[in-house]
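Step one of this worksheet: look at the structure below.
Note that the coordinates shown come from a computational prediction; the quantities given were computed from them, not determined experimentally. Values reported hereafter were calculated over all heavy atoms of this structure, with side chains retained and with hydrogens, waters and symmetry mates removed.
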Amino acid sequence: MKPFNAPIYNALVRHAHSNSIGFHVPGHHGGQALRQSFGSEQIKNDLMEYFYNIMRLDVTELTSTDDLHHPEASIKEAQQMAANTFGSEDTFFLVGGSTSGNIALLLTVCEPDDIVIVQRNVHKSILNGLKLAGAKAVFLTPQVEPISGIATIPTVQQVEDALVLYPEAKAVFLSNPNYYGMGVKLRPYVEAVHRKNKPILIDEAHGAHFGMHHLLPQSAISEGADAVVQSAHKTLPALTMGAMLHIQGNRISREILRQSLAMIQSSSPSFPILASMDISRAMIDTLGESMFQQSLDSAAAFRRWLSEQQTNVTEMNIQADGELNLYFDPLRIVLQDGSGVRTGYELQKQLERHGCFAEMADPQYVVLILGIQTSMMDIQRLQQAIEEMVREENREAIVPVRRVTISSIASVSVNTSISEPVSFARGKFKNETSERIQLHDAEHHISAEMVTPYPPGIAVLYPGEIITPEMIKHLQQLSSAGTKFQGAVDLKMKTIAVYPKSTGMRDAFDE
């Protein structure tokens, strides 16, 4: 076992033990504001227990610590060690979550009106990055896993076709894995993009633990991606907002990236967040695969237990390693009610009533994430919650009702075309007034609203996107199947908000 070495954490502890007097920010002065302010012992005890020790490590850029935006000491060493652990050439610590990494990458690779090829179901931070960059997006509709109805990423062929149609594109930006733990092997995508000498950027927010155990999927950086953003706080023992940006190869300018990160990240970054990422990396180096073994064993035990139960609560089924070349993160458990009695939201609420809080829910599924060192005691609590839910269902004699499921929505044909460039220039529609027209009359108009059918949660239209006949047909099919639409004013999608053709906006997108 390697010795535990976390340079940022070590520097903070040394400073806390130095018995120095601080005449600098932050205002709590190493927690002294808490120690001296309250007479009530209960308040003081609670604050001391939960916050004082954190505040002792919450300092600013000092000669005894370092500067995130110009690292020369502990942060520089910690980032170099992280690069070695995660397999990149350079790693940048982020204190604004994966959001800051996604935005910084877009500011680095493109200028206003440049084109980026983007999968349609990306995190909103990528859309915000496109807006800040003033760039244009060519959207690729993702594949849908046929059993679960969950969207993954576009096909390699779509990416190749988009690069042929738009050879001037500055980069390809994909998101893998998705929130449900489903992903695809990225090597063919990397090779396709690199044949055109373009960088491929991966939002791997939910895969910071990938590649750290032989039972876990491989990381995007090991598959050859040029830039990979990971939320360390999602699946590693890091504090919330802690994330990492891994870079390799010569297609991403390190200098421009540093400037971009300095623009969008605080000049007063949180040292506890930085230290928590340093500690997470040190734990991986020290413990190796054993760090993840207990959680993997617990997940396997729960799956065995669930398969033996006579209950309507089941795990989501997918075609792993099928035609879509999918994998599934074993540390995600996605539950559903096979009888159609409960929605995912209802399952989530019932679990919470029994003390088990899930990560998220949708109309059909509830997603549970097993953190590092999830124990069998934790799993037993989850099993007890499900058993009690079943007993409640039997007592109440609930009659199953027919629901429109995600998988039935997925059977509706999905538009897999490559979109025309959609401008995210912030001032493009600032002075334009939209109008609402019948959807069947909207062909070749420009959408003035985002339309996201849920399920499956993929935006069919973004503001500024030209409405095609295929899109209209797709929306009508989804509406007939009972889909709900987020972002749209008319939830039945009989009408849609558009910008008038007379504004000349169409010409602006044909440039």
Side-chain angles (χ1 to χ4, degrees), residues 106 112-113 115-142 144 151 173 362-363 404 406 409-410 412-511:
L106 286 164
D113 290 327
I115 288 176
V116 181
I117 296 170
V118 182
Q119 76 180 67
R120 191 173 281 278
N121 56 326
V122 290
H123 189 264
K124 60 184 178 182
S125 61
I126 294 176
L127 304 178
N128 289 334
L130 291 166
K131 291 177 184 177
L132 289 171
K136 295 177 181 177
V138 170
F139 286 114
L140 308 182
T141 301
V144 174
F173 210 144
D362 67 22
V404 177
I406 290 182
I409 293 298
V412 176
S413 61
V414 177
N415 173 27
T416 57
S417 65
I418 300 165
S419 81
E420 296 185 35
V422 179
S423 176
F424 281 80
R426 285 175 291 168
K428 185 69 73 172
F429 301 109
K430 189 170 291 184
N431 299 318
E432 297 301 326
T433 302
S434 65
E435 61 180 353
R436 183 160 293 279
I437 64 174
Q438 293 295 309
L439 178 62
H440 57 72
D441 292 330
E443 184 177 333
H444 301 315
H445 282 75
I446 296 173
S447 177
E449 59 186 342
M450 184 162 69
V451 180
T452 306
Y454 208 98
I458 307 166
V460 173
L461 280 170
Y462 284 105
E465 189 167 4
I466 297 172
I467 303 169
T468 66
E470 293 79 13
M471 288 178 181
I472 293 173
K473 181 180 179 180
H474 182 50
L475 290 173
Q476 290 170 335
Q477 287 178 316
L478 289 171
S479 180
S480 298
T483 305
K484 296 181 180 179
F485 294 88
Q486 295 180 350
V489 174
D490 184 353
L491 298 182
K492 295 185 180 299
M493 285 310 300
K494 301 296 183 185
T495 64
I496 188 170
V498 299
Y499 292 107
K501 288 184 177 180
S502 59
T503 63
M505 281 293 163
R506 171 68 192 244
D507 296 336
F509 290 93
D510 290 338
E511 294 173 356

Open item on the list: Checking Ser479 now: which residues fulfil side-chain hydrogen bond (donor to acceptor under 3.5 Å, both in side chains) with it, not counting sequence neighbours?
Closed with: none
- [ ] Measure the NZ-NZ distance between Lys131 and Lys124 for me, rounded to the nearest 0.5 Å.
- [x] 10.5 Å
- [ ] Find the distance between CD (Glu470) and NZ (Lys473) and round it off to the nearest 0.5 Å.
- [x] 8.5 Å
- [ ] Show the numbers, then the answer: is there a side-chain contact (heavy atoms from CB on, under 4.5 Å) between Phe485 and Leu478?
- [x] CA-CA 9 Å; Phe485 294 88; Leu478 289 171; 4.0 Å; yes
Open item on the list: Quick check for you: to the nearest 0.5 Å, what is the distance between His445 atom NE2 and Leu439 atom CG?
Closed with: 11.5 Å
Task: Minimum heavy-atom distance between Arg120 and Thr141, given as atom pair plus value - done: NE-OG1, 3.6 Å
TODO: Using the test side-chain hydrogen bond (donor to acceptor under 3.5 Å, both in side chains), find all partners of Ser434 that sit at least two apart in sequence or belong to another chain.
DONE: none
Task: Check: Met471 and Ser447 side chains under 4.5 Å, non-hydrogen atoms - done: no
TODO: For Leu461 and Leu475, run side-chain contact (heavy atoms from CB on, under 4.5 Å): C-alpha distance rounded to whole Å, both residues' side-chain angles, the deciding distance at 0.1 Å, then the answer.
DONE: CA-CA 10 Å; Leu461 280 170; Leu475 290 173; 4.2 Å; yes
TODO: Could you pull out all residues at least two apart from His123 that satisfy side-chain hydrogen bond (donor to acceptor under 3.5 Å, both in side chains)?
DONE: Ser125
- [ ] Output all residues satisfying side-chain hydrogen bond (donor to acceptor under 3.5 Å, both in side chains) with Asp490, sequence neighbours left out; order by chain, then residue number.
- [x] Thr495
Task: CD on Glu420 to CD1 on Ile446, rounded to 0.5 Å - done: 9.5 Å
- [ ] Output all residues satisfying side-chain contact (heavy atoms from CB on, under 4.5 Å) with Pro469, sequence neighbours left out; order by chain, then residue number.
- [x] Glu443, His444
TODO: Kindly write out the residues that satisfy side-chain contact (heavy atoms from CB on, under 4.5 Å) with Leu127, not counting sequence neighbours, or none if the list is empty.
DONE: Val122, Leu130, Phe139, Phe424, Tyr462
TODO: Take Ile117 and Leu140 through the side-chain contact (heavy atoms from CB on, under 4.5 Å) test and state the conclusion after the steps.
DONE: CA-CA 7 Å; Ile117 296 170; Leu140 308 182; 3.6 Å; yes
Open item on the list: Is there a side-chain contact (heavy atoms from CB on, under 4.5 Å) between Glu465 and Ser419? Walk through the geometry before answering.
Closed with: CA-CA 8 Å; Glu465 189 167 4; Ser419 81; 3.4 Å; yes
Task: Separation of Leu106 CG from Phe173 CZ (nearest 0.5 Å) - done: 5.0 Å
Open item on the list: Rounded at 0.5 Å granularity, tell me how far CD1 in Ile472 sits from CD in Gln438.
Closed with: 11.5 Å
- [ ] Locate the shortest heavy-atom distance separating Ala151 from Asn121; write the atom from each residue and the value.
- [x] CB-ND2, 3.7 Å
